Amino acid sequence: MNPPSRFLQFGGMKTKIAYAIIFLALIGSFGLATRARPVNPPQQAPAASSDQPSRSVWDGVYTTEQAKRGAAMADRECSTCHGAALTSGDEAPALAGDGFLSEWDGQNLGGLLERMSKTMPQTDPGKLTGQEYVYILADVLSLNKFPAGKTELASSPDALKQIRIEATKPKAK
């Protein structure tokens with residue numbers, strides 16, 4: 001009889017199970033100890049991350065022409081629920097004025113565009129093209145007295161997420 005088989009015959013079944021458990025525990029702990037670790041741990045993002053919008057609606061983020069195109073569309077698609085000047089409606093909240101500004105203050109244009117495109121018009125959500133929603137968004141900015149600029153409002157949701165809505169104009173730095 002060779003030595004390994006003599007070892008296995010030593011003791012009862014409980015002893016063999018105990019040795020097997022100890023053996024498996026050693027193998028498991030060895031595996032955990034030798035698991036690869038990154039040489040350089042990942043760096044934490046700086047406090048001012050890119051998740052925070054970098055521009056404001058006060059920076060002239062749309063053009064007057066966009067707002068005019070949006071006004072015509074808003075008149076046709078939004079005024080039934082939001083009122084003629086989008087400031088009050090029996091069926092929907094205002095898109096201009098204090099109520100709108102207090103609800104959206106601190107949020108970004110990407111979130112507003114997403115809500116518009118998923119829920120409006122109420123009778124047929126999402127029926128407009130992405131560009132049409134952006135034109136209406138430009139009209140909403142104009143109605144809220146945010147200044148127009150020289151560059152059209154982007155139609156990319158990611159770009160719009162970088163523009164924050166601020167109810168009051170920030171103080172000059």
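Since this is a predicted model, take the numbers as computed values, not measurements. Excluded from the calculations below are hydrogen atoms, water molecules and symmetry mates; all remaining heavy atoms, backbone and side chain alike, are included.
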Check your understanding: Salt-bridged, Glu132 to Lys127, with N to O below 4.0 Å?
Key ->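 No.
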Point to revise | Presence of salt bridge, Glu65 and Arg69, under 4.0 angstrom | key: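 Looking at Arg69 and Glu65, the cut-off is not met.
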Do any N or O atoms from the side chain of [X] and from the backbone of [Y] form a donor-acceptor pair under 3.5 angstrom?
{"X": "Tyr133", "Y": "Met120", "value": "yes"}
{"X": "Trp58", "Y": "Pro170", "value": "no"}
{"X": "Tyr62", "Y": "Phe146", "value": "yes"}
{"X": "Ser117", "Y": "Leu113", "value": "yes"}
{"X": "Ser156", "Y": "Ala159", "value": "yes"}

Do you know the tightest heavy-atom contact between [X] and [Y]?
{"X": "Ala92", "Y": "His82", "answer": "CB-CE1, 3.3 Å"}
{"X": "Gln131", "Y": "Ser155", "answer": "OE1-CB, 3.7 Å"}
{"X": "Ala167", "Y": "Leu101", "answer": "CB-CB, 4.0 Å"}
{"X": "Leu143", "Y": "Ala85", "answer": "CD1-O, 3.7 Å"}
{"X": "Asp139", "Y": "Ala74", "answer": "OD2-CB, 3.6 Å"}
{"X": "Arg55", "Y": "Val61", "answer": "NH2-CG1, 3.3 Å"}

[X], [atom1]: over 12 other non-hydrogen atoms inside 6.0 angstrom:
{"X": "Arg115", "atom1": "CZ", "answer": "no"}
{"X": "Gln122", "atom1": "CD", "answer": "no"}
{"X": "Asp98", "atom1": "CG", "answer": "no"}

Measure the spacing between [atom1] of [X] and [atom2] of [Y] and express it to the nearest 0.5 Å.
{"X": "Thr168", "Y": "Asp105", "atom1": "OG1", "atom2": "CG", "result": "6.5 Å"}
{"X": "Leu128", "Y": "Met116", "atom1": "CG", "atom2": "CE", "result": "8.0 Å"}
{"X": "Glu77", "Y": "Asp124", "atom1": "CD", "atom2": "CG", "result": "9.0 Å"}
{"X": "Gln66", "Y": "Ser142", "atom1": "CD", "atom2": "OG", "result": "11.0 Å"}
{"X": "Glu103", "Y": "Leu95", "atom1": "CD", "atom2": "CG", "result": "9.5 Å"}

Using a 4.5 Å cut-off on heavy atoms from C-beta on, say whether the side chain of [Y] contacts that of [X].
{"X": "Pro93", "Y": "Phe100", "result": "no"}
{"X": "Asn144", "Y": "Val57", "result": "no"}
{"X": "Asn108", "Y": "Gln162", "result": "no"}
{"X": "Leu153", "Y": "Ile163", "result": "yes"}
{"X": "Lys118", "Y": "Pro125", "result": "no"}
{"X": "Thr63", "Y": "Thr151", "result": "no"}

